[in-house]
Amino acid sequence: MNNDNPKKPLVLSFHGTAGTGKTLASQLIVKNLYKKGMDSHFVHFFNSVINFPHASQVETYKSQLQLWIRGNVTNCAHSMFIFDEMDKMHPGIIDSIKPFMDYQYKLDGVSYQKAIFIFLSNAGGKIITQTTLVSWKAGKKREELKLEDVETALSSSVFNYHGESYVVDFFIPFLPLERQHIVQCIMVEMVAMGLQSEHNKACEMADKIVIYIPDDERRISVSGCKRIASRLKNFM
């Protein structure tokens with residue numbers, strides 16, 4: 001945001017299984033960049049399943065999306081575009097937005113160099129989870145994992161089949177959540193429900209409402225914190 005002449009738009013790609021914080025992280029970025037947060041007219045959120053549901057209408061989606069990006073970047077050079085469930089997006093739509101993210105001084109008279117694109121995807125989640133489990137079995141703590149431990153495998157497996165990896169500046173893996181993180185999520189949700197945050201009660205709930213893998217170790221939450229709110233209400 002402080003660079004007056006970036007060479008290309010910033011493109012971030014968040015990957016991980018459901019409930020690991022990809023959406024939350026994008027919201028925190030938005031909150032710290034735009035005064036009105038997600039309500040800002042300069043932040044544009046798309047869900048692939050909701051906004052681009054029909055394969056038969058890909059050409060229509062492509063032209064509409066291109067016009068939308070062009071129009072909004074024309075109005076605000078620092079426009080942000082967030083695409084959720086990228087793993088479910090039709091390849092043709094992905095192809096249509098690549099030129100906006102590449103090294104281009106101007107495209108049809110419009111500069112996209114200050115724009116920001118954030119992709120949220122479950123793709124690569126299995127690789128991230130497997131890497132985390134292998135590391136754990138080798139005696140390494142989750143917090144000791146480094147980006148390079150998963151980045152190469154992630155970037156080569158996720159977008160290369162679309163030929164898109166070259167426009168992504170950073171592939172960011174979101175590690176699966178352990179039981180201790182689920183306890184934290186439950187305690188936060190307790191407060192949101194107007195209840196007293198009790199650690200012992202949260203530990204009890206963490207064992208009741210969440211499924212963990214592997215079965216014999218109960219190490220990693222299958223769904224992260226995604227279903228905590230709805231399930232907690234039924235058990236309280």
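Residues take their numbers from the sequence shown, with the count starting at 1. Excluded from the calculations below are hydrogen atoms, water molecules and symmetry mates; all remaining heavy atoms, backbone and side chain alike, are included.
Using modelled atom types, one side-chain atom of Arg70 and one backbone atom of Asp108 make a donor-acceptor pair closer than 3.5 Å. Ser79 places a side-chain N or O within 3.5 Å of a backbone atom of Asn72 that can act as its donor or acceptor partner. A donor-acceptor contact shorter than 3.5 Å is absent between the side chain of His54 and the backbone of Ser56. Put simply, the side chain of Asn51 gets close to the backbone of Asn47: a donor and an acceptor are under 3.5 Å apart. Looking at Arg219, its side chain never comes within 3.5 Å of a backbone N or O of Trp136 through a donor-acceptor pair. The main-chain N or O of Gln104 is never found under 3.5 Å from a side-chain atom of Asp102 such that the two would form a donor-acceptor pair. Checked by atom type and distance alone, the side chain of Glu178 never pairs as donor or acceptor with a backbone atom of Ser221 at under 3.5 Å. Remark: the backbone N or O of Ala55 is not paired with any side-chain donor or acceptor of Tyr61 at under 3.5 angstrom.
Here the straight-line distance linking atom OG of Ser111 with atom CZ of Phe100 works out to 12.5 Å at 0.5 Å rounding. Here the straight-line distance linking atom CD1 of Ile116 with atom NE2 of His78 works out to 8.0 Å at 0.5 Å rounding. Atoms CE and CD1, on Met38 and Ile82 in that order, are 4.5 Å from each other to the nearest 0.5 Å. Here the straight-line distance linking atom CG of Leu10 with atom CD of Gln113 works out to 13.0 Å at 0.5 Å rounding. Residue Thr132 holds its OG1 atom at 10.5 Å from NZ of Lys140, rounded to the nearest 0.5 Å. Arg142 contributes atom CZ, which lies 8.5 Å from atom CD1 of Ile220 (distance to the nearest 0.5 angstrom).
Around atom NZ of Lys226, no more than 12 heavy atoms belonging to other residues, nucleotides or ligands sit under 6.0 Å away. More than 12 heavy atoms of other residues, nucleotides or ligands lie within 6.0 Å of CG in Asp216, so this atom counts as buried by the packing criterion. Other residues, nucleotides and ligands contribute over 12 non-hydrogen atoms within 6.0 Å of the NZ atom of Lys88. Residue Gln130 places its CD atom among 12 or fewer non-hydrogen atoms of other residues, nucleotides or ligands, all under 6.0 Å distant.
A salt bridge links Lys8 to Asp169: one of the charged nitrogens lies within less than 4.0 Å of a carboxylate oxygen. In summary, Asp95 and Lys98 engage in a salt bridge, as defined by a charged side-chain N under 4.0 Å from a carboxylate O. Using a cut-off of 4.0 Å between Lys/Arg side-chain N and Asp/Glu carboxylate O, Glu144 and Lys141 are scored as not salt-bridged.
Both Ile94 and Phe81 are part of a single hydrophobic cluster, where members link through side-chain heavy atoms under 4.5 Å apart.
Phe14 and Phe119 have their aromatic ring centers separated by at least 6.0 angstrom.
Among all heavy-atom pairs drawn from Ser197 and Met190, the shortest one is CA-SD, 4.0 Å. The nearest pair of heavy atoms linking Ala202 to Ile186 is O-CD1, 3.6 Å.
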